[in-house]
Amino acid sequence: MIISTIEKKIDPLIFNINNKNGSVNLELTTDENALQIFRFEYQNHGGSFPEPVSLQWRIPAAKVKGVWKPTSDFSKRIEADWELGNHESRISIDAPVISLFGNNDDNVLCFSCSNAINRVEMAAKYREEDNHFYCQIIFFTECKYPVEEFSADIRIDQRKIHFSKSLQETSKWWESYENLKPTSVPAIAKKPLYSTWYQFHQNLNQDLLFKECRIAKDLGFDSIIIDDGWQTKDTNRGYDYTGDWRPERFPNMVTLVKEIQNLGMKVGIWYSVPFCGRKSKAYQKFKGKFLTENHRWAPVFDPRYPEVRDYLTGIYVNAVRDWNLDGLKLDFIDDFKSYQETPFDASKNRDFSSINEAVDALLTQVIVEVKKVNPDIFIEFRQKYTGPAMRKYGNMLRAFDCPGDYTMNRVRITDIKMLCGETAVHSDMVTWHFDETVQDAALHYLSTLFGVPQVSVMLNKAPESHLNMLQFYTRYWNENSDIFCSGKFLPSRPLSNYPVLRANLNNKVIIGIFEDQNLQINHRFLAIDILNAKSSKMIVINSNLNLGTYEYKTYDCEGKLIKDDFINIDEGLNTIEIPKSGMAQLKSI
């Protein structure tokens, strides 16, 4: 199917059907102020596998600076049609949306699809022959089973608004679909978290763990995820023993959890959901019910079997009930996918043909059943499985692993945050070398603050100055969590890795500046906090109006008051100094 265009709006004037096995229909259902929604419908008349159906249109390549996709990380540049692969989305990979943004962070085109369960491919390709972007949405690219009927909505937004607002409203649009309603978010999901992964890996030690928890709680961390290693004494970083999930390393798990909870911390544990190691008893039990046995880490469960879904759900329900857990980290969901050897033949023992729909059934069953045991349970997922469907079952979405890379952490937090609505967005677990100066260590932590901070360093070995820094900024984050989590979030300059982030609520704005550039402030907020997450002290504020007089306090990264003064912010350029990795707080008088 091909859709032609006119200059301003996407117009379905011509479409050609290239599908021999079915009929398609495309109807314009909404057309308001440069926002359009099309309903795509497919019907299969022959009971055969559907061939890929492609919807295509083009727009002039005018005033476009870059192309945003949910997990493109540092690569948001314009790419030509001869070099660009399609953007793939399915239940556990990415989200079905692409944004073309302009020179001033304005939205040029944001197009999205309501099909967040089964696979869809999308692209916005620059064609040098005519200087247009050729946009495309392709359905049924991995469909290996008959489909009787299918429908999806296509949202095309060309409004002149900030690109982040278009993405945020796309997220709201997804929420309007009954099959994409997000699960509730408990208060603990929006609290700083201590993770065991980067400092312990699989070498967990109970006495040391208690020691770490005491320090973490004193610093302001209210929960812990005990990561890989709790279930086995094997420390080879492998997955041969996954599948049974018995606490070999901590045989008295209920006591371990209770003692940590007595310190005032909530406790969650890690599971690699799809993997069933060859050395587990589950491997023998479920032989023949795997998507693949040739995965580089371990055989992958096939969730199309109801007994597989029941088994996995039972593992988590029993753990939450028997050990009184507060949370789960459900990992590697994206490995539920089609492999070369995955069978798609008709089988009465499988109650789903679609792997993606089976994953939806599995995770729906998990969230329903564990909430019967603990209604306030937190469940963490990480990129790339942070799309709209995953918000149905997870209430914490974490940036993908980027140890030591605080710029990537900031970028990934920001990319998730624009599409997550009220679901909590967590940083990757922050880790750094203790030979770093406290100011440089603070750069890692400051890059997490517009999400929910997670830290993963050996606190009992950290320099005192590093602990002071963690305590100062964790306390600050807790005091301002409503602004960070629920305030109006405005990122800037995606091609420059978001050098300025801001969030405001109730006439207070928090601004993080991560590179040397002017801060544009054109509203008279009653309170302005500026986090100087860069190496130089000078901050330049540019305003198009006279903001008046503010009480002006600056702190270093350990919380020491450096300056207490007054400042006038006049129309034009204004300069202030903030210590490297420090903070300024301005209050209107």
Side-chain angles (χ1 to χ4, degrees), residues 1 18-19 21-22 24 26 38-44 48-56 69-72 84-98 111-125 135-155 170-171 173-174 177 179-180 273-274 291-292 295 300-304 332-345 350-364 381-394 400 419:
M1 172 179 291
N18 297 323
N19 191 287
N21 300 325
V24 297
L26 192 72
F38 295 88
R39 168 60 58 91
F40 168 77
E41 295 177 329
Y42 167 87
Q43 286 188 327
N44 189 337
S48 57
F49 298 176
E51 297 178 0
V53 178
S54 174
L55 283 65
Q56 301 177 3
K69 289 171 283 189
T71 55
S72 54
L84 177 64
N86 289 341
H87 166 58
E88 174 195 341
S89 170
R90 52 185 166 88
I91 186 170
S92 57
I93 288 288
D94 277 331
V97 60
I98 292 178
F111 64 100
S112 51
C113 179
S114 65
N115 172 40
I117 304 292
N118 283 305
R119 176 169 166 167
V120 61
E121 293 187 17
M122 306 173 72
K125 304 180 179 184
C135 302
Q136 189 175 35
I137 298 176
I138 313 172
F139 298 105
F140 310 131
T141 58
E142 70 167 4
C143 197
K144 301 176 182 179
Y145 46 87
V147 174
E148 292 183 5
E149 57 184 20
F150 173 86
S151 65
D153 291 334
I154 310 300
R155 186 177 188 270
T170 297
S171 179
W173 176 65
W174 283 324
Y177 290 86
N179 71 330
L180 297 177
V273 178
L291 295 170
T292 181
H295 194 286
V300 177
F301 279 116
D302 188 342
R304 295 174 297 173
F332 294 105
I333 307 297
D334 45 346
D335 282 294
F336 282 128
K337 62 182 180 180
S338 174
Y339 297 85
Q340 185 175 358
E341 61 272 24
T342 300
F344 284 93
D345 58 303
R350 295 193 296 265
D351 58 355
F352 284 92
S353 297
S354 166
I355 298 169
N356 298 311
E357 291 173 9
V359 172
D360 182 47
L362 166 64
L363 296 178
T364 298
F381 295 139
R382 62 168 167 86
Q383 287 173 318
K384 294 184 176 180
Y385 41 98
T386 53
M390 302 308 286
R391 294 178 61 205
K392 296 164 58 177
Y393 344 100
F400 185 71
L419 290 180

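A quick note: this is a predicted structure, and the numbers were derived from the prediction, not measured.
Distance CG/Asn115 to CZ/Phe150: 4.0 Å, rounded to 0.5 Å. Atom CD1 of Ile117 sits about 13.0 Å away from atom OH of Tyr177, to the nearest 0.5 Å. Annotation: the span from Ile154 atom CD1 to Leu55 atom CG amounts to 6.0 Å, rounded to 0.5 Å. One finds the CG atom of Asn118 at 5.0 Å from the CG atom of Asn356 (value rounded to the nearest 0.5 Å). Atoms CG and OG, on Asp335 and Ser92 in that order, are 8.5 Å from each other to the nearest 0.5 Å. The distance from the CD atom of Gln136 to the CD atom of Gln56 is 4.5 Å, given to the nearest 0.5 Å.
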Legend entry - side-chain contact (heavy atoms from CB on, under 4.5 Å) between Phe381 and Ile333, worked out: CA-CA 8 Å; Phe381 295 139; Ile333 307 297; 4.1 Å; yes

Inset, instruction - Could you check Ser338 against Arg119 for side chain to side chain donor-acceptor pair (under 3.5 Å), going step by step and ending with a plain yes or no? - result: CA-CA 11 Å; Ser338 174; Arg119 176 169 166 167; over 6 Å; no

Inset, instruction - Assess whether side-chain contact (heavy atoms from CB on, under 4.5 Å) is satisfied between Lys392 and Leu363, documenting all intermediate values. - result: CA-CA 8 Å; Lys392 296 164 58 177; Leu363 296 178; over 6 Å; no

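Surrounding CD of Glu148 are at most 12 heavy atoms belonging to other residues, nucleotides or ligands under 6.0 Å away.
Of all non-hydrogen atoms in His87 and Ala95, the two that sit nearest each other are NE2-O, 2.9 Å. Among all heavy-atom pairs drawn from Ile93 and Asp334, the shortest one is CD1-CB, 3.7 Å. Contact record, Pro70 with Gln383: O-NE2, 4.2 Å, taken as the closest heavy-atom pair. What you find for Trp174 and Pro96 is that their closest heavy atoms are CZ2-O, 3.6 Å. Looking at every heavy atom in both residues, Met122 comes nearest to Ser112 through CE-CA, 4.1 Å. Among all heavy-atom pairs drawn from Trp173 and Ser114, the shortest one is CH2-N, 3.6 Å.
Counting only heavy atoms from C-beta outward, the side chains of Thr141 and Asn86 never approach each other to under 4.5 Å. Between Leu291 and Pro303 the shortest side-chain heavy-atom distance falls below 4.5 Å. Residues Glu121 and Pro52 fail the side-chain proximity criterion, which asks for heavy atoms closer than 4.5 Å. With contacts defined as side-chain heavy-atom distances shorter than 4.5 Å, the pair Pro388/Leu419 does not qualify. When side chains are defined from C-beta on, Tyr393 counts as touching Asp360, because their heavy atoms get closer than 4.5 Å. Inter-residue side-chain proximity for Phe344 and Ile355 is flagged as met; some heavy-atom pair is nearer than 4.5 Å. No side-chain heavy atom of Lys337 sits under 4.5 Å from any side-chain heavy atom of Glu142. Considering only heavy atoms from C-beta on, Arg90 stays 4.5 Å or farther from Ser354 through its side chain.
Under the 3.5 Å distance criterion, the side-chain polar atoms of Asp94 are left unmatched by any main-chain donor or acceptor of Ser89. For Thr342 (side chain) and Tyr339 (main-chain N/O), a donor-acceptor pair under 3.5 Å exists by modelled atom type.
With respect to Val273, the side chain to side chain contact (heavy atoms under 4.5 Å, CB included) criterion is satisfied by exactly one of Phe332, Phe301, Phe336: Phe336.
Phe40 and Phe139 have parallel rings, their planes meeting at less than 30° on a 0 to 90° scale where 60° marks the start of perpendicular.
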